[in-house]
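A note on names: the letters A, B, ... follow the listed sequences, proteins ahead of strands, and every chain is numbered from 1.
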There are 2 protein chains.
Amino acid sequence: MDNETRTLFFAFFNEIGIIAQLSRTALEARLPKGLTLPHFSVVNHLIRVKNGQTPLALAKAFQVPKTTMTHTLNGLVEHGFVEIRPNPEDGRSKTVWLTETGRRFRDAAIKSIDPDIDAFRAQYPEDRIRDLVPSLSEIRALLDANRD
Amino acid sequence: MDNETRTLFFAFFNEIGIIAQLSRTALEARLPKGLTLPHFSVVNHLIRVKNGQTPLALAKAFQVPKTTMTHTLNGLVEHGFVEIRPNPEDGRSKTVWLTETGRRFRDAAIKSIDPDIDAFRAQYPEDRIRDLVPSLSEIRALLDANRD
DNA sequence: CTCCATTGGTACGATATCGCACTAAATAGT
DNA sequence: ACTATTTAGTGCGATATCGTACCAATGGAG
């Protein structure tokens, strides 16, 4: 393979990786101690997408192994942010439901993150982000499909 | 803040996070067992950028805490991929040098990853990636600068 | 109905990541 | 020169991540 091509793709995925790392760190700095990006993401997902999802559905939504999701959900249960109930449609499965405490946690997190978004938006305009998302979404879907 | 704005930025960073995760997993599947993306990245960096860097310089290049870099370098030393020598210019510091084994590891890794890049490139053309990199690079630099 | 392959979830162990505290060397201020 | 501060690296403990093995429920084939 052409070396410049390889360098280009490495540079691309490298930038992606560093942005992921920096944004994650920035977000976690706003969360109460002991809570991580996955904790916030799951709660946010339950609000924005659908409450009462199964653990496996959540694991797939975030592209993590199911054991990792089990661990994340245990943390959320310990904090009282979600409740786990049996799945009436499948005895092997469970469902995950937000609690009022979980909603308050999410609202507080949003409130403390908003200023950071504003600051970032002032330096990198919303419209430019809007232009990037479809490309990234397509790339994400391709990588996901290529995964065996 | 406008809710749609917030959703947009969350979507953006979410796509970034998932791409980072999927690409990392895909790369690590090609590496010998026990070796991770950071291991490969450091070796690659020593070849592409500069041999004989200090651990702290490497930590900064990859935006990880220095303790994490210490851990990664220990793994590389155990595999015989790098040698650590004192830094003649600073008694507190060290320098990291590739070994011949390390070069071979890197060459073999590249060879096994190239087909994946080719497959991806067939679905998402190189030129579109080339267009994305400057924006991502700018965003990475902004996030890095905003980090206190 | 019985068997067997598949599926959802967890227990456990290995290891990656990272914050905190510490040491030793370098540097700045006086 | 002397002291205080900063800097490079490590030891250690906490915890996030993930692979393997396992169990229980499901669903399909006969």
Side-chain angles (χ1 to χ4, degrees), chain A residues 17-18 20-42 52-79 82-96 147-148, chain B residues 17-18 20-42 52-79 82-96 147-148:
Chain A
I18 293 184
Q21 199 164 2
L22 290 172
S23 61
R24 175 177 185 155
T25 302
L27 185 140
E28 289 182 350
R30 301 300 184 200
L31 298 182
K33 181 166 178 167
L35 292 168
T36 62
L37 170 62
H39 291 129
F40 172 77
S41 298
V42 167
Q53 304 243 43
T54 68
L56 190 59
L58 292 168
K60 284 180 177 160
F62 293 102
Q63 308 287 6
V64 295
K66 51 188 185 168
T67 53
T68 302
M69 186 51 64
T70 299
H71 184 262
T72 302
L73 291 174
N74 284 341
L76 290 174
V77 168
E78 279 161 27
H79 281 86
V82 302
E83 274 178 17
I84 310 256
R85 303 184 204 148
N87 185 344
E89 297 173 8
D90 188 334
R92 297 165 298 181
S93 181
K94 308 191 170 171
T95 55
V96 183
R147 184 176 48 116
D148 315 318
Chain B
I18 293 185
Q21 198 164 3
L22 290 172
S23 61
R24 173 175 188 158
T25 302
L27 186 138
E28 289 183 348
R30 302 298 185 202
L31 297 182
K33 180 165 179 165
L35 292 168
T36 62
L37 170 63
H39 291 129
F40 172 77
S41 298
V42 167
Q53 305 242 46
T54 68
L56 190 59
L58 292 168
K60 282 180 177 159
F62 293 103
Q63 308 286 4
V64 296
K66 50 188 184 170
T67 53
T68 302
M69 187 51 65
T70 298
H71 184 261
T72 301
L73 292 175
N74 284 340
L76 290 173
V77 169
E78 280 162 26
H79 280 87
V82 302
E83 273 179 18
I84 310 259
R85 303 182 204 148
N87 186 345
E89 297 173 7
D90 188 334
R92 297 165 298 180
S93 181
K94 307 191 172 171
T95 54
V96 183
R147 186 175 46 119
D148 318 319

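A donor-acceptor pair shorter than 3.5 Å can be found between the side chains of A/His39 and A/Thr36.
Put simply, CD1 on A/Ile84 is 13 Å from C1' on C/dG8, counting in whole angstrom units. In this structure, A/Glu28 places its CD atom 14 Å from P of C/dT17, rounding to the nearest Å. Here the P atom of nucleotide D/dT15 and the CG atom of A/Asn74 are 14 Å apart, to the nearest Å. Rounded to whole Å, the distance from CZ on A/Phe62 to C1' on D/dC18 is 18 Å. Rounded to an integer number of Å, the gap from CG of A/Asn87 to P of C/dT10 is 12 Å. Atom-to-atom, CD of B/Glu89 to P of D/dG9 comes out at 12 Å; the value is rounded to the nearest Å. Between B/Phe40 atom CZ and C/dA16 atom P the separation is 17 Å, expressed in whole Å. Atom-to-atom, NE2 of B/His39 to C1' of C/dT15 comes out at 10 Å; the value is rounded to the nearest Å.
Counting only heavy atoms from C-beta outward, the side chains of A/Pro55 and A/Val96 approach each other to under 4.5 Å.
Closest contact between the side chain of B/Thr68 and the listed nucleotides C/dC18, D/dC18, C/dG8 involves C/dC18. Closest to the side chain of A/Leu56, out of D/dG9, C/dG8, D/dG11, is C/dG8. Side-chain atoms of B/Arg92 lie closest to C/dA24 of the nucleotides C/dA24, C/dG9, D/dG9. Comparing atom distances between the B/Lys66 side chain and each of D/dA8, C/dG9, C/dT17 picks out D/dA8 as nearest. Listed nucleotides: C/dA26, D/dG19, C/dC18. Nearest to the side chain of A/Gln21: C/dC18. Comparing D/dT17, D/dT26, D/dA8 by their nearest atom to the side chain of B/Ser93 picks out D/dA8. Each of C/dA25, D/dA25, D/dG9 was ranked by its minimum atom distance to the side chain of B/Lys94; first place goes to D/dG9. Here D/dC18 is the nucleotide among D/dC18, C/dT17, D/dT26 with the atom lying nearest to any side-chain atom of A/Pro65. Taking the side chain of A/Pro55 as heavy atoms from C-beta on, and the options C/dA11, D/dA16, C/dG9, the nearest nucleotide is C/dG9. Relative to the side chain of B/Thr70, the nucleotides C/dT17, C/dG8, D/dT10 differ in distance, and D/dT10 lies closest.
For C/dA16, the OP1/OP2 oxygens have no side-chain nitrogen or oxygen of B/Arg24 closer than 4.0 Å.
The two atoms that bring A/Val82 and A/Leu73 nearest to each other are CG2-O, 4.4 Å, heavy atoms only. Contact detail for B/Ala59 and B/Lys66: the closest heavy-atom pair is CB-CA, 4.0 Å. Of all the heavy atoms in B/Ser93 and B/Thr54, the pair that sits closest is OG-CG2, 3.5 Å.
Here NE2 of B/His71 is found 10.0 Å from OG1 of B/Thr67. Values are rounded to the nearest 0.5 Å.
If B/Thr95 and A/His71 are placed on DNA chain D by their nearest nucleotide, the residue sitting closer to the 5' end is B/Thr95. Residues A/Lys60 and A/Thr25 each lie close to DNA chain C; by heavy-atom proximity, the contact nearer the 5' end of the strand is made by A/Lys60. Projected onto DNA chain D by closest heavy-atom contact, B/Asp90 and A/Gln63 fall at different nucleotides, the more 5' of which corresponds to B/Asp90.
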